[in-house]
Amino acid sequence: MLINKNMKLADVIHHDYTLVPVINRFGIHLGFGNFTIQEVCKEHNISTGFFVIILNAFHDPHYFPKERLQSIRLNILIEYLQKAHTDFLEDKIPEIAFLIEKMPGECLDDRKTYLLIRNFFLEYSTELKNHITKEEERVYPYVLKLEEAFLKGETDADIKKQIQDYPISAYEAEHENVEEKLFDLKNIIIKYLPKPKSDKLCFQILREIFSLEKELNEHARIEDLIIVPKVEAMENALKLKGFGNG
Amino acid sequence: MGEIKTVIVVERNYLMQAGLEAMLMEIPGLMMVKTFTGDEVSLAGHIRKQQADVLILNPLALKEDPIVFLRKLKQIGKMVVFGLMEKETPVNLQSHFSHVLNVSDSKFDLQNKIRSVLHQDTRPGNHNLLSKREVTILKQVVLGLTNQEIADRLFLSIHTVTTHRKNINRKLGIKTVSGLTVYALMNHLVRMEEMGGATK
Ligand SMILES: [Fe+2]
Ligand SMILES: [Fe+2]
């Protein structure tokens, strides 16, 4: 189903309830009555076009209107990506950690196995946190500054230095796949748990991991396919313009 | 069932992508993990990151010269590449692929082709079990040794060690060292005490 701005937001959620955290990222919360997407967006003062694209992209992995996404201002995209980061670290990760904590009572007799899984996930959380911190401290601020410089059409020494020291291509080259460990964790739970007492909790954990994985994929797709090429083009344009007379 | 093989697709048409996905889904042991349209910046790099077992590539989707692109893929290593051929694909391009899928082939033929090619690549029998040698190597990996150190200790070439490691990852479905550590400890292949300072 292709979502459009004239649909009622409630109908969209009926169709795909996994979009709830996505709309939350835009500051929209449940209880929106019978309003259409457009009306809700207007009330919250957010770009309807962007909102609809994100809903669709999240709903259907095949939907990825590159040109339209690339026409959106970087600061809007970055704001969205940052909210997703917060979601990952403050909701998703603690939720999985909480479920893992319940393993000893509900599904594992063996304390050692539990500790192994807990530590493994802890390690993963740290990795994800580092990945995100780097993006927020180093990459995103640069992207925002660059866009500003690009729109104003003027570069300062600071920007020039960054374009040379850490261009977006350097970020792209070291932008690692943060889903790898999650994949391992899924297999450990699916294939190698020693006789769990009950599958119920494992199922909940798997559901959360799959959902986090889906969101991470979606997120990385925007970083790799939208942010990187867009920033690269701006860098090149600025280089041509500013570096000559600077 | 043995280990799952991951498939990525480079194809510009949605209908073709969806068709491929539907066809692949029916082959047990295959999982389509990613589709590219072909106009991604540094596509070869994205493909490398996926570490997939199989690539189905429509050369007409590429922005760059397919032959140059295939050369880049060669450096990625052991990934089975199928060329997806359309009517308009120049004949000389076909010869650059060791395996070819024709879009006009029937579903049965396509699936058989894929199965037969991939089958050569899997050694039949003990799909899930690690060989003795692999267990030995797994232990060393978990204890924190580098490939070079393992090669020196076991009198193997570094190339052999890398191959073993790839096979271990593939058989277990676990790629990271910490994942392997969990597996090894859970299965009592190493003891916690042996780990000493190796963890972290
Ligand atoms: Fe990110
Ligand atoms: Fe990222």
Side-chain angles (χ1 to χ4, degrees), chain A residues 60-67 70 108 110-124 126-127 168-169 172-195 213-214 217 220-221 223-233 236, chain B residues 1-4 6 9 11-21 31-43 45-52 63 127-128 142 169-193 195 199-200:
Chain A
D60 176 359
H62 286 293
Y63 179 88
F64 202 64
K66 225 185 282 172
E67 290 80 28
Q70 281 187 354
L108 285 178
D110 177 21
R111 183 139 185 102
K112 190 181 100 184
T113 307
Y114 156 69
L115 287 175
L116 285 171
I117 292 179
R118 200 194 63 169
N119 281 344
F120 182 77
F121 187 70
L122 213 68
E123 237 175 72
Y124 174 72
T126 317
E127 233 169 63
I168 203 75
S169 55
E172 196 203 8
E174 50 185 43
H175 191 209
E176 73 272 269
N177 220 333
V178 277
E179 297 100 65
E180 241 178 27
K181 271 205 171 129
L182 281 185
F183 181 82
D184 287 0
L185 183 56
K186 284 194 303 193
N187 260 339
I188 288 170
I189 293 174
I190 296 172
K191 297 204 221 171
Y192 303 119
L193 272 194
K195 296 195 203 75
E213 204 177 30
K214 181 181 169 205
N217 257 318
R221 201 153 63 130
E223 288 176 340
D224 287 334
L225 301 182
I226 305 299
I227 304 283
V228 169
K230 202 170 167 173
V231 169
E232 213 157 44
N236 290 335
Chain B
M1 187 168 58
E3 63 283 347
I4 290 184
T6 52
V9 168
E11 163 62 50
R12 61 204 193 297
N13 282 319
Y14 158 68
L15 278 177
M16 284 290 290
Q17 285 179 3
L20 279 168
E21 185 166 11
M31 189 166 72
M32 187 161 133
V33 290
K34 191 106 187 163
T35 41
F36 294 103
T37 53
D39 52 4
E40 289 82 4
V41 186
S42 54
L43 177 62
H46 288 299
I47 290 177
R48 181 166 6 88
K49 271 189 214 162
Q50 293 293 322
Q51 296 189 353
K63 272 202 301 198
H127 278 303
N128 309 301
V142 168
N169 294 350
R170 190 171 47 83
K171 280 189 182 175
L172 296 180
I174 301 180
K175 289 189 213 153
T176 64
V177 175
S178 28
L180 291 172
T181 308
V182 173
Y183 174 84
L185 285 166
M186 260 166 48
N187 287 281
H188 313 286
L189 300 177
V190 283
R191 277 173 301 124
M192 207 68 109
E193 305 83 72
M195 302 288 302
T199 37
K200 278 285 96 60

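Proteins get letters first, then strands, A, B, ... in listed order; numbering begins at 1 in each.
Heavy atoms closer than 4.5 Å to chain B are found nowhere in A:Lys186, neither backbone nor side chain. Neither the backbone nor the side chain of A:Asp110 comes within contact range of chain B; no heavy atoms are under 4.5 Å apart.
In terms of heavy-atom proximity, B:His46 sits nearest to A:Asp224 at CE1-CB, 3.8 Å. Shortest non-hydrogen contact noted between B:Lys171 and A:Tyr192 is O-OH, 4.1 Å. In terms of heavy atoms, A:Lys181 sits closest to A:Phe120 at O-CE2, 3.5 Å.
When each of A:Asn187, A:Leu185, A:Val228 is checked for heavy-atom pairs under 4.5 Å with chain B, A:Asn187 comes out on top.
Between the side chain of A:Glu232 and the backbone N or O of A:Lys230 there is no donor-acceptor pair closer than 3.5 Å.
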